[in-house]
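Below, chains carry the letters A, B, ... as their sequence lines are ordered, and counting in each starts from 1.
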Number of protein chains: 2
Amino acid sequence: MFSFSEENYLKAIFHLQKKYSGGVSTNALAEQMETKASSVTDMVKKLSDKELVKYKKYQGVKLSEKGKKTAVEVIRKHRLWEVFLVEKLNFSWDEVHDIAEQLEHIKSAKLTNELDNFLGNPKRDPHGDPIPDAQGNFRIANNLLLADLEKGQTGVCVGVKDSSTEFLRYLDKNHIALGKQIHIVYKEEYDKSLLVKIDDKELLISHTVSNNLFVKPIES
Amino acid sequence: MFSFSEENYLKAIFHLQKKYSGGVSTNALAEQMETKASSVTDMVKKLSDKELVKYKKYQGVKLSEKGKKTAVEVIRKHRLWEVFLVEKLNFSWDEVHDIAEQLEHIKSAKLTNELDNFLGNPKRDPHGDPIPDAQGNFRIANNLLLADLEKGQTGVCVGVKDSSTEFLRYLDKNHIALGKQIHIVYKEEYDKSLLVKIDDKELLISHTVSNNLFVKPIES
DNA sequence: AACAATTTTTAGATACATCTAAAATATATT
DNA sequence: AATATATTTTAGATGTATCTAAAAATTGTT
Ligand SMILES: [Mn+2]
Ligand SMILES: [Mn+2]
Ligand SMILES: [Mn+2]
Ligand SMILES: [Mn+2]
C-alpha cells in the first residue's frame, strides 16, 4: 500500500483543500507538514505518478478520487483510535492525538471496522470531529462556531476547531466540555469577547476561544 | 527511539538466542528476517554502535541488557495486541499475527500499560505464549510438550510452539484448543504418533503435531 | 514593461535499509 | 597441512525520504 509519509501528505492535502479549494500550494503544504518546499515538490510528484493527486507545475495539488478515498480512510482510523483511547483506555482528550498519528497507519480493513463496531459506531471523535463510515461518508457536519451566535442564544458545544493540547487544557480548566450548554449573556462589540453562562456560572471568553468552539444552537 | 527494522531485529535475536545461546550467527538471523547476510551485518553493526547488542566479527551477536529490555517490550506489545484482537474485536487466533506485527511498534508506554489493564493483565496471548509484565518479567513458563508425555498421562493444552495459520487451522478443525484436556491412549514407537482422547473422542496425531503443543500435565 | 520579491522547481548531497558480487575468514575434508 | 566448502564481511549500487543552495517561474510594484 502507501507509506506513512504518503498517507500523511494525503491527509494534509485533504485538510488544506477546505481552505485552498483552487489547489493547495507547495508552501502551504510545506508549512502544514513542517518540511521544506523542495521535499513537498518531490513527494507531490510521486503522489502524482501514483495518481493520488492532480498536479501541474507551479499550480498546486488537488486530491484525485483515489487520493481522497485514501485520505478519508486514514482520518477514519485516526478518529476511531482517538475514541478508543478516551472511551476504553482512560486517556484525556488532550493526550490522544500523537498516539493516533501512529495508529492511523495500521493497515487492516477488518481491524478498522471491528474497532468501529466495538466502539458503537461513533459519529464524532473526542474533539467533536466527524468520523466517516466505512464507505467514507461523513454523517454529520460541524456547522456553527460559538462566535457566530448572537446575544441571547444558547448552543450545545459539539466540537473544537483547534485541538491543540493548550486549548483543550484551557477548556478543561474552565469546565467547558462537549455536550455543555453555553448561553450568550453579552457580546462586547469592540473585541468580540463574550460573557457566557455555563452550568449557571458566568465566564468571559475571548473571540479566539469562541471562534474555536463548534456549537449546535438550541431553539428557544 | 528505535526504527521498526531495529525493533524487528532485536526481537528476532531474542527468539534465536534460546536456540543459539553462544551467539546468534549472521546466517541464522538472515533466515529469520528473510533477508541477506550482508544486510544483517549492516544492521548488526548499527545495533552494536547503539549498544543494543554485543558483536564481534565472525562470532555472532548477543543482546545487551538494553537490547533485551527493548526486545521484551516489543514482545509484550505484540502479545497484548493479539489478546485485544481476539478478546475484544472478534478475531480468530490465526488472523492476529500480521496485525500485531504492525501494532507492536506503536510507541507509548501509557498505551501499553492501559491496554494491559483493560485486558485484565493477561498472562498468555491467544497462542499460549507468555506475556511479560511492565517490568519485563515473564510470569509463567512454557515447560512441557505433548510429545514429552507418556502413555496414560493427561495434559491441559496451554500453548502452541508453531503459531502458523496452517497449524492453528488444523487444531481448530480437530477441536483442539487452549484449555482442552488431552489424554494419551497409546504412543506408537515407530513414528512417535499418538492416539489421544479429547472430549471423549479419540484422535490420531503425528509427532509433528504433538511436538508443537505445550501442555501442563495433570496429576492422576 | 521593467524590476523586485516571492514562490516553486531542480540539482546535488545525506541518512537509512536494502541488494549483488567479490573478498576475507572460518570450518570441514582429504 | 593443504585444499575445498561454507560463512561472513566489505565494496559498491539502488530506492526512499529528506535537506541546502541555486536556478527558474510566477506574482507584485513602480
Ligand atoms: Mn487528532
Ligand atoms: Mn499521521
Ligand atoms: Mn504473533
Ligand atoms: Mn514486527
Side-chain angles (χ1 to χ4, degrees), chain A residues 1-13 16-17 19-63 67 70-71 74 101-102 104-107, chain B residues 1-14 16-17 19-63 67 70-71 74 101-102 104-105 107:
Chain A
M1 281 275 117
F2 308 113
S3 70
F4 287 19
S5 192
E6 289 168 334
E7 290 187 348
N8 286 336
Y9 270 91
L10 292 175
K11 206 169 55 129
I13 298 167
L16 288 170
Q17 273 188 347
K19 228 175 143 184
Y20 305 93
S21 55
V24 177
S25 72
T26 301
N27 263 5
L29 242 182
E31 192 187 4
Q32 176 79 18
M33 295 297 297
E34 295 181 4
T35 186
K36 302 293 153 126
S38 56
S39 302
V40 170
T41 304
D42 286 347
M43 179 56 83
V44 153
K45 279 178 181 168
K46 192 164 58 132
L47 295 175
S48 182
D49 289 344
K50 295 192 177 184
E51 297 190 312
L52 293 163
V53 301
K54 286 158 221 153
Y55 167 64
K56 286 214 186 82
K57 273 188 191 177
Y58 296 100
Q59 294 185 204
V61 276
K62 289 181 187 182
L63 291 179
T70 307
V74 176
E101 282 293 307
Q102 299 180 59
E104 71 187 8
H105 302 293
I106 303 292
K107 271 100 181 161
Chain B
M1 277 276 116
F2 307 113
S3 72
F4 287 20
S5 193
E6 289 168 333
E7 290 187 347
N8 286 336
Y9 270 91
L10 292 175
K11 204 168 57 128
I13 298 167
F14 181 88
L16 288 170
Q17 272 189 348
K19 228 175 143 185
Y20 305 93
S21 54
V24 177
S25 72
T26 301
N27 263 5
L29 242 183
E31 190 186 6
Q32 176 80 17
M33 295 297 297
E34 295 180 15
T35 187
K36 302 293 155 131
S38 56
S39 302
V40 170
T41 304
D42 286 347
M43 178 58 82
V44 154
K45 279 178 181 168
K46 192 164 59 131
L47 295 175
S48 183
D49 289 345
K50 295 191 176 185
E51 299 190 310
L52 292 162
V53 301
K54 285 160 222 151
Y55 167 65
K56 285 214 187 82
K57 274 188 193 177
Y58 296 99
Q59 295 187 202
V61 276
K62 290 180 186 183
L63 292 179
T70 307
V74 176
E101 282 292 307
Q102 299 179 59
E104 72 187 7
H105 303 293
K107 270 102 182 159

(message) Could you check whether any side-chain heavy atom of A:Asn8 comes within less than 4.5 Å of a side-chain heavy atom of A:His105, counting everything from C-beta outward?
(response)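 Sidechains of A:His105 and A:Asn8: in contact.
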(request) Would you mind telling me which of B:Thr26, B:Val24, B:Leu29 makes a side chain to side chain contact (heavy atoms under 4.5 Å, CB included) with B:Val44? (result)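 Exactly one option meets the side chain to side chain contact (heavy atoms under 4.5 Å, CB included) with B:Val44, and it is B:Leu29.
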What is the distance, rounded to the nearest whole Å, between atom [atom1] of [X] and atom [atom2] of [N]?
X: A:Asp42; N: C:dA11; atom1: CG; atom2: P; value: 11 Å
X: B:Tyr20; N: D:dT7; atom1: OH; atom2: P; value: 11 Å
X: B:Phe4; N: C:dT18; atom1: CZ; atom2: P; value: 13 Å
X: B:Lys56; N: C:dA24; atom1: NZ; atom2: C1'; value: 19 Å
X: B:Leu47; N: C:dT18; atom1: CG; atom2: C1'; value: 15 Å
X: A:Met43; N: C:dT8; atom1: CE; atom2: P; value: 18 Å
X: B:Gln59; N: D:dT7; atom1: CD; atom2: C1'; value: 13 Å
X: A:Lys50; N: D:dT16; atom1: NZ; atom2: P; value: 7 Å

Below 4.0 angstrom from OP1 or OP2 of [N], is there any side-chain N or O of [X]?
X: A:Tyr9; N: D:dT16; answer: no
X: B:Ser5; N: C:dT18; answer: yes
X: A:Asn27; N: C:dT8; answer: yes
X: A:Lys45; N: C:dT9; answer: no
X: B:Ser39; N: C:dT18; answer: no

Please set out all donor-acceptor pairs under 3.5 angstrom arising from side-chain atoms of residues 47-56 of chain A, sequence neighbours excluded.
from    : atom 1 : to     : atom 2 : distance (Å)
A:Lys50 : NZ     : A:Glu6 : OE1    : 3.4
A:Lys50 : NZ     : A:Glu6 : OE2    : 2.7

(request) Assess whether atom CD of B:Glu101 is packed by more than 12 heavy atoms of other residues, nucleotides or ligands within 6.0 Å. (result)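 Yes, because the 6.0 Å sphere around CD of B:Glu101 holds more than 12 heavy atoms from other groups.
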(request) Can you establish whether the number of heavy atoms outside B:Lys57 located under 6.0 Å from its atom NZ is more than 12? (result)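 For B:Lys57, atom NZ is not crowded (no more than 12 foreign heavy atoms under 6.0 Å).
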What's the closest nucleotide to the side chain of [X] if the choices are [options]?
X: A:Thr35; options: C:dT9, D:dC19, D:dT8; value: D:dC19
X: B:Ala37; options: D:dT9, C:dT9, D:dC19; value: D:dT9
X: A:Thr41; options: D:dT10, D:dC19, C:dT9; value: C:dT9
X: B:Ser38; options: C:dT9, D:dT18, C:dC19; value: C:dC19

(request) Compare every heavy atom of A:Leu63 with every heavy atom of A:Gln17, then report the nearest pair and how far apart it is. (result)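 The pair with the smallest heavy-atom distance is NE2-N, 2.7 Å.
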(request) Might you point out which heavy atoms bring B:Met43 and B:Ser5 nearest each other, and give the distance in Å? (result)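 Nearest heavy atoms, B:Met43 then B:Ser5: CE-OG, 3.3 Å.
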(request) Apply side chain to side chain contact (heavy atoms under 4.5 Å, CB included) to B:Glu104 and B:Glu7, showing your working. (result) CA-CA 9 Å; B:Glu104 72 187 7; B:Glu7 290 187 347; 5.5 Å; no
What protein N or O atoms touch nucleotides 22-29 of chain D N or O atoms at under 3.5 angstrom, if any, and at what distances?
from   : atom 1 : to      : atom 2 : distance (Å)
D:dA25 : O4'    : A:Tyr58 : OH     : 3.0

(request) Name the nucleic acid region contacted by A:Tyr55, choosing base, sugar-phosphate or nothing; use a 4.0 angstrom heavy-atom cut-off, strictly under. (result) sugar-phosphate
